[in-house]
Amino acid sequence: VLKVVENLGVSYIRGSEPYKTKLGSELRKLKFPYRALAEDDYEARRKDHISHFILRLAYCQSEDLRRWFLQQEMDLLRYRFNELTDSLRQKFLDYVNLSFEAITEDLKNELANELCVSTPGLTMNKVKEQMFYKVGLADAVDLFRARRVFIKDGFAYVPLKEIDAIVLNNYRTKLSKALALTARSLPSIQSDERLQPLLNHLSHSYVGPDYSVQKNTGKIALEQIDALSVKSFPLCMRQLHKALRDNHHLRHGGRMQYGLFLKGIGLTLEQALEFWKKEFIRGKVDADKFDKGYAYSIRHSYGKEGRRTDYTPYSCMKIIMSNPPSQGDYHGCPFRHSDPELLKQKLQLYKIPPSGITQILELVKGMHYQLACQKYFELTHDVDDIGFSLNHPNQYFTESQRLLSGGREMKKELGNSGNSQKSNTQESMNSNCTPTSSNTTADAELEGLEAYFTED
Ligand code: SF4
């Protein structure tokens, strides 16, 4: 849900009619109980509360996560608050102990002149249409200071459109304090082995298809990879492919990220062995060393060695949130991990028009890395609207191929695949970008695999 809120907040003007319509329809599609208060659905509210508190635990862990979470929660609350009827809004304000009372029609008529002249942007007609709330001065300091409200007997008379700002400010302060408090209690929570894997994975969990089962296994020829890397690879994989071709080598982070991606697009084990070997022996690794060290790790990632776990390709969240690249590494997400100037140069090199580069850099500045990648997709495929929400490099590849080979039919399918998120927490943990078995086993297995890849 919060990903959708983020996506729409960047693509539309918040609060505009198209934004509200689109958000409403997306929330319905995800079966999010955003009208639970209106429908008096206790069970739905309970579920919503529980998931909110689980996310608090997962998203209190770093400044970046906290900021992202706060922003999306604010936007979601603003939307939900404005969707309430007058009486439910009053009920909500009472419930959260914000004792703002809507003034009666009689009082409003009596004060109509004062309200009109003291509230910027209001005409007499608008005063008649608007609800006004009586708010203690302490809660309306900003409005009072900016001379945006009528004051009488120690109360500010605040129009509805300004009330949501007060409610949101109040919520922001409370949520941000709560996140800081939760972060402080994390060490004790993390020592609980039932919660620890959940918390570690949730903030970068991926809940879409896992791309481990491929219909096109064996349908890609090694000779096609160079061309595909230009046409259909997301920037992260294009960068890895280029580095591999240039240096005839990738360090272990890059081999993991790129190797599993290639597996996901359909390379068989035999092809993967041939692909990596051909490239590595052009560099400093001889065939014998490759067979003894690297070949094992490739078979391992295909589930043919060790515990025979079938590893799944990494999702965007995993790439963005974990294992940042250091000097000499090419893995990671270029929108997240590249210096903006270098990113700009790379985009220029790939013939992205200057206006497109500006848009991408703006999104990167706002920390909307996946949206920046979506923009890159639109610009490199010459489409106005990507039509799906990007969560996975393999999804990028699949959608690109579908677009390049079909066009129209794609849009329909994109709608489904782009929103195939499931809200089941357990499921989201299990489908998280690493092995498809349980998480505890997954972590142990991954460590095993990483160990085989550690040789630089
Ligand atoms: Fe790769 Fe995802 Fe970053 Fe795009 S957003 S470059 S697909 S990690």
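Numbers for residues simply follow the sequence, beginning at 1. In this text the structure is predicted, and so the values were computed from the model without any measurement.
Surrounding CG of D246 are more than 12 heavy atoms belonging to other residues, nucleotides or ligands, all under 6.0 Å away. Within 6.0 Å of the CD atom in Q345, the count of heavy atoms belonging to other residues, nucleotides or ligands exceeds 12.
At least one side-chain heavy atom of F69 sits under 4.5 Å from a side-chain heavy atom of L175. For the pair L76 and L27, the minimum side-chain heavy-atom distance is below 4.5 Å. Residues Y330 and P325 form no side-chain contact, since every pair of their non-hydrogen atoms from C-beta on lies 4.5 Å or further apart. Using a 4.5 Å cut-off on side-chain heavy atoms (C-beta onward), L137 and I151 make contact. H52 is listed as a side-chain neighbour of R56, based on a closest heavy-atom distance under 4.5 Å. Between K152 and L111 the shortest side-chain heavy-atom distance falls below 4.5 Å. Contact annotation: the side chain of Y311 approaches that of H300 to within less than 4.5 Å [non-hydrogen atoms, C-beta and beyond]. Annotation: side chain of L235 is in contact with side chain of L343 (closest heavy-atom distance under 4.5 Å).
A cation-pi geometry, defined here as NZ or CZ lying under 6.0 Å from the six-membered ring centre and within 45° of its normal, does not hold between K108 and F132. By the 6.0 Å and 45° rule, R238 stacks over the aromatic ring of Y350. Remark: K318 qualifies as a cation-pi partner of Y314 under the 6.0 Å distance and 45° angle criteria applied to the six-membered ring.
Side-chain N/O atoms of H49 and R45 include no donor and acceptor closer than 3.5 Å. Side-chain atoms of H331 and Y258 form no donor-acceptor pair, as typed in the model, at a separation below 3.5 Å. A donor-acceptor pair shorter than 3.5 Å can be found between the side chains of Q370 and K3. For the residue pair Y171 and R78, no side-chain donor N or O sits within less than 3.5 Å of a side-chain acceptor on the partner.
Of the charged side-chain nitrogens involved, none lies within less than 4.0 Å of a carboxylate oxygen, so that D164 and R89 do not count as a salt-bridged pair. Using a cutoff of 4.0 Å between basic side-chain nitrogens and carboxylate oxygens, E83 and R80 are not scored as salt-bridged. A salt bridge between E43 and K47 is absent, with no side-chain N of the basic residue lying under 4.0 Å from a carboxylate O of the acidic one.
A donor-acceptor pair under 3.5 Å links the side-chain atoms of T104 to the main chain of L107, judged by distance alone. A donor-acceptor pair is defined here as one N or O able to donate and one able to accept, closer than 3.5 Å; such a pair exists between the side chain of Q374 and the backbone of L390.
Residues L363 and L371 approach most closely at CD1-O, 3.7 Å, considering heavy atoms. The nearest pair of heavy atoms linking H392 to C316 is N-SG, 3.4 Å. Residue S232 comes nearest to Y396 through the heavy atom pair O-CD2, 3.4 Å, listed as atom of the first residue, atom of the second, then distance. Considering all non-hydrogen atoms of both residues, M131 and A102 come closest at CE-CB, 3.5 Å.
Taken from CD1 in I298 to NZ in K263, the straight-line distance is 12.0 Å, to the nearest 0.5 Å. Distance check, rounded to the nearest 0.5 Å: OG of S51 to CZ of R46 gives 11.0 Å. We find the OG1-CD1 distance between T358 and I352 to be 12.0 Å, quoted to the nearest 0.5 Å. Y376 contributes atom OH, which lies 9.5 Å from atom SG of C236 (distance to the nearest 0.5 angstrom). Atom-to-atom distance recorded for S338:OG and Q239:CD is 5.0 Å, nearest 0.5 angstrom.
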Assess the residue pair Y59 and R67 against the criterion (side-chain hydrogen bond (donor to acceptor under 3.5 Å, both in side chains)); give the C-alpha distance rounded to whole Å, side-chain angles, the decisive distance to 0.1 Å, and a yes or no. CA-CA 9 Å; Y59 279 82; R67 198 176 314 128; over 6 Å; no
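With sequence neighbours excluded, the residues satisfying ring pair (Phe, Tyr, Trp, His ring centres under 6.0 Å) with F150 are Y157.
Under the 6.0 Å cut-off for aromatic ring centres, F233 and F261 qualify, their centroids lying closer than that.
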